[in-house]
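Structure first, then comments.
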Protein chains: 2
Amino acid sequence: MSTLTTKGSATRARIIEGASATIRELGVTATTLDDIRARTRTSKSQLFHYFPSGREELLLAVARFEAALVLTDQQPYLGNLATLADWDAWSSWRDTVVDRYRRQGGSCPLNTLTSQLGRTSPGARAVVTELLAHWQSEIAAGVRQLRDAGRISSRLDPDTVAAALLAGIQGGVLIQMATGSTVHLEAALDTALAQLQASAPGVAPDGTTPRAFPTLAG
Amino acid sequence: MSTLTTKGSATRARIIEGASATIRELGVTATTLDDIRARTRTSKSQLFHYFPSGREELLLAVARFEAALVLTDQQPYLGNLATLADWDAWSSWRDTVVDRYRRQGGSCPLNTLTSQLGRTSPGARAVVTELLAHWQSEIAAGVRQLRDAGRISSRLDPDTVAAALLAGIQGGVLIQMATGSTVHLEAALDTALAQLQASAPGVAPDGTTPRAFPTLAG
DNA sequence: CATAGATTGGACTTGCCAGTCCATTTTTCG
DNA sequence: CGAAAAATGGACTGGCAAGTCCAATCTATG
């Protein structure tokens, strides 16, 4: 690998971003190198100069890019979860997640990339796995915070709760991809948060709670 | 469309099943018509005889086939949910779901098919949407049953709970595809069931319950 | 400035794969 | 049986898309 000049790394970044955008529009399968070339105004040799082993390598770079995007995008909210022990932090995080995916209109490039690369390339699998682990650990930290502050039942295991919550989010997004609606995503988030809150000491057995957090009243 | 003879429909079915199996192994994108031909010992003309508009049409038929498979596979357990109002029914359903996907080893052809066809073909989208709706309504019926029997809080909305549960399952399977592990799937199911049970009238605020159902003890 | 290495343009090759076509065989049914 | 319809075999086409290659240009730096 030759050392990149300023110009070089700019081009490389342009390719990745363009590829990412193209994939969002067309899907991984339908996206060809020529589509990417067209959007990024690059030549064949540039693509293979910066990603010598070709398409796979570029797609992997896109996966990393998308993963980083998700994290930097969520991080402030996740950070709040881990430090505030405050229902409002959870509530606004919930809204952020829903907003993000609603705006994204059900594309989730990472899911698509996983479908295509997951089987073939262990690298892509690792990227996704690490993203999930990171995400989950931040959620778990938030749950632990709540538990230590005595705001949820001490019988809830933070890691299990976080795993379930993450699964709900991923599934909600997946379903959004098929149906176009975010109701499942919202149901997953709201249900999980309601569960946390309902477990709080001092909440009546039937779920009635004096706090202002949304519950699942029928 | 010419009328199918016995032999004809047998061949057609063989193609669909073979395609389904091939896709499980190779993924949708990597599966070519020749792969399917090889496995099903058919000729090009047969493929296009039974699926005149080609690959897309065949894939759609596979999607329908898989959807039907999931439903007939789950139906007895789902039926129990809707009639028994019994924690054991839920527990064994939970085990069935986990078993099914664990045995399947994280392939989920429907997810893969959605990724590839969802964008292009509205037909595939419809198949998945309908499968999800069906599945969800069966779960919701079970939850309603529990509620009417007074075994869970009346404040839980069956449809919302079912939507969240379904999202958790789908997400769990999706994560299994990336990580190879079913812990998220199990966490989603266990958390949801624990939530239902914890909401039962007579359960202590901290989640302590006299019943034998697994809880999320830390 | 000079040169080595980085960057870029784009024509060309290669191979694959969906889809076409027609000839042949098999089945149905009057 | 015998014609019509259905089923099958497999060669062939056409196009597309990934990857190669080399010549031409830029950029860093001594």
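So you know, we letter chains A, B, ... as the sequences are listed, proteins then strands, and number each from 1. As the structure is a prediction and not an experimental result, all values here were calculated from the model.
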### Task
Output, in order, the C-alpha distance, side-chain angles, deciding distance and verdict of side-chain hydrogen bond (donor to acceptor under 3.5 Å, both in side chains) for B/Asp95 and B/Ser92.
CA-CA 5 Å; B/Asp95 291 343; B/Ser92 74; over 6 Å; no
From [options], nucleotide with atom closest to [X] side chain:
| X | options | value |
| --- | --- | --- |
| A/Tyr50 | C/dT7, D/dC21, D/dA6 | C/dT7 |
| A/Arg55 | D/dG19, D/dA7, D/dT27 | D/dG19 |
| B/Phe48 | C/dT20, D/dT8, C/dA6 | C/dT20 |

### Query
Using a cut-off of 4.0 Å on non-hydrogen atoms, how would the nucleic acid contact of B/Ser45 be classed: base, sugar-phosphate, or nothing?
base
### Task
Using a 4.0 Å heavy-atom cut-off across all strands, classify B/Thr32 as base, sugar-phosphate, or nothing.
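Sugar-phosphate only.
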### Message
Quiz question: by atom type and distance under 3.5 Å, do the side chains of A/Arg37 and A/Thr42 form a donor-acceptor pair?
### Response
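Per modelled atom types, A/Arg37 and A/Thr42 side chains form no pair under 3.5 Å.
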### Query
Hey, are B/Thr179 and B/Ser181 close enough side-chain-wise for a donor-acceptor pair under 3.5 Å?
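Distance-only check fails for B/Ser181 and B/Thr179.
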### Message
Please determine whether a side-chain nitrogen or oxygen atom of B/Thr11 lies at a distance below 4.0 Å from atom OP1 or OP2 of D/dT8.
### Response
yes
### Message
Rounding to an integer number of Å, can you tell me how far A/Glu56 CD sits from D/dA17 P?
### Response
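After rounding, the reported distance stands at 17 Å.
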### Task
Would you check, one step at a time, whether the test side-chain hydrogen bond (donor to acceptor under 3.5 Å, both in side chains) holds for A/Ser53 with A/Glu57?
CA-CA 6 Å; A/Ser53 56; A/Glu57 189 180 351; 2.7 Å; yes
### Task
Would you mind telling me which residue lines up with the more 5' stretch of DNA chain C, B/Thr6 or B/Lys44, judged by nearest nucleotide?
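Upstream on the strand: B/Lys44.
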## Note on the structure
The residue, B/Gly54 or B/Thr5, whose nearest nucleotide of DNA chain C is more 5′ is B/Gly54
